[in-house]
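What follows is a set of notes on a single structure, which appears directly below.
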Amino acid sequence: QVQVVESGGGSVQAGKSLRLSCVGPKYTYGRAAWFRQAPGQEREGVAAISYAGSTTYADSVEGRFTIDRTNAKTTLYLQMDNLFAEDTAMYYCAAAGLVEGRPSLTATDYNIWGRGIQVTVSS
């Protein structure tokens with residue numbers, strides 16, 4: 001079973017930035033995404049990248065978050081700028097290996113998941 005590990009979470013004030021990372025074996029992050037889940041809410045996709053490098057974002061983070069990965073597809077990143085208190089959640093990286101197609105914010109399109117990392121934004 002492929003294991004991936006997130007890092008980079010923490011507590012920051014609104015308006016600040018954080019960069020999340022998720023490390024896995026080579027070629028893990030062909031199709032990949034970041035999801036988040038706040039207490040009492042459903043898990044939602046926030047940013048995704050396709051095998052070809054196309055990206056898509058949830059409306060709530062468009063223009064503030066950037067998803068990226070290393071060329072060897074071993075590390076997935078989420079750069080989060082101008083954070084809002086509403087961004088507070090547990091963040092999960094997800095991957096599907098070398099799967100082609102469009103970037104996807106649908107959880108069922110991924111079979112590799114990290115354990116999650118907490119991001120807390122205070123207003």
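Everything numeric in this text was worked out from a predicted model, so none of it was measured.
- Few gaps surround CZ on R19; more than 12 heavy atoms of other groups in view lie less than 6.0 Å from it.
- When every heavy atom of G30 is checked against every heavy atom of L98, the shortest pair comes out as CA-CD2, 4.2 Å.
- Interatomic distance, OG of S60 versus CG of D87, reported as 7.0 Å (0.5 Å rounding).
- Between the side chain of Y77 and the main chain of T66, no donor-acceptor pair closer than 3.5 Å is present.
- Minimum heavy-atom separation, A89 to R36: CB-CB, 3.9 Å.
- The aromatic rings of F35 and Y110 sit perpendicular, their planes meeting at an angle over 60°, well past the 30° parallel limit.
- There is no path of hydrophobic side-chain contacts, each under 4.5 Å, that joins Y92 to I117.
- No donor-acceptor pair closer than 3.5 Å links the side chain of R115 to the backbone N or O of V5.
- Note that OG of S17 is 6.5 Å distant from CG of L83, once rounded to the nearest 0.5 Å.
- Ring pair F65/Y91 is tilted by interplanar angle, where 30° to 60° counts as tilted.
- When atom types are taken as modelled, the side chain of R64 and the backbone of N82 share a donor-acceptor pair closer than 3.5 angstrom.
- Between R102 and S50, every side-chain heavy-atom pair lies at or beyond the 4.5 Å cut-off.
- To the nearest 0.5 Å, atoms OG1 (T74) and CZ (R69) are separated by 11.0 Å.
- Contact detail for C93 and V4: the closest heavy-atom pair is SG-CG2, 3.7 Å.
- Looking only at side-chain heavy atoms (C-beta outward), M80 and L20 come within less than 4.5 Å of each other.
- Closest approach of W34 to C22, counting heavy atoms only: CH2-CB, 3.8 Å.
- Within a 6.0 Å sphere centred on CD of Q3, other residues, nucleotides and ligands contribute 12 heavy atoms or fewer.
- Side-chain atoms of T70 come within 3.5 Å of backbone N or O of T75 as a donor-acceptor pair.
- Atom CD1 of I67 sits about 11.5 Å away from atom OG of S54, to the nearest 0.5 Å.
- Taking CG of D81 as the start and CG of L18 as the end, the distance is 9.5 Å to the nearest 0.5 Å.
- Interatomic distance, I112 CD1 to R31 CZ, rounded to the nearest 0.5 Å: 12.5 Å.
- Heavy atoms only, all atoms of each residue included: A14 and S123 are closest at CB-CA, 4.2 Å.
- Side-chain N or O atoms of T106 include none that pairs as donor or acceptor with a backbone N or O of T108 at under 3.5 Å.
- Smallest separation of non-hydrogen atoms from V119 and G9: CG2-CA, 4.3 Å.
- Under the 3.5 Å distance criterion, the side-chain polar atoms of E6 are matched with a main-chain donor or acceptor of G116.
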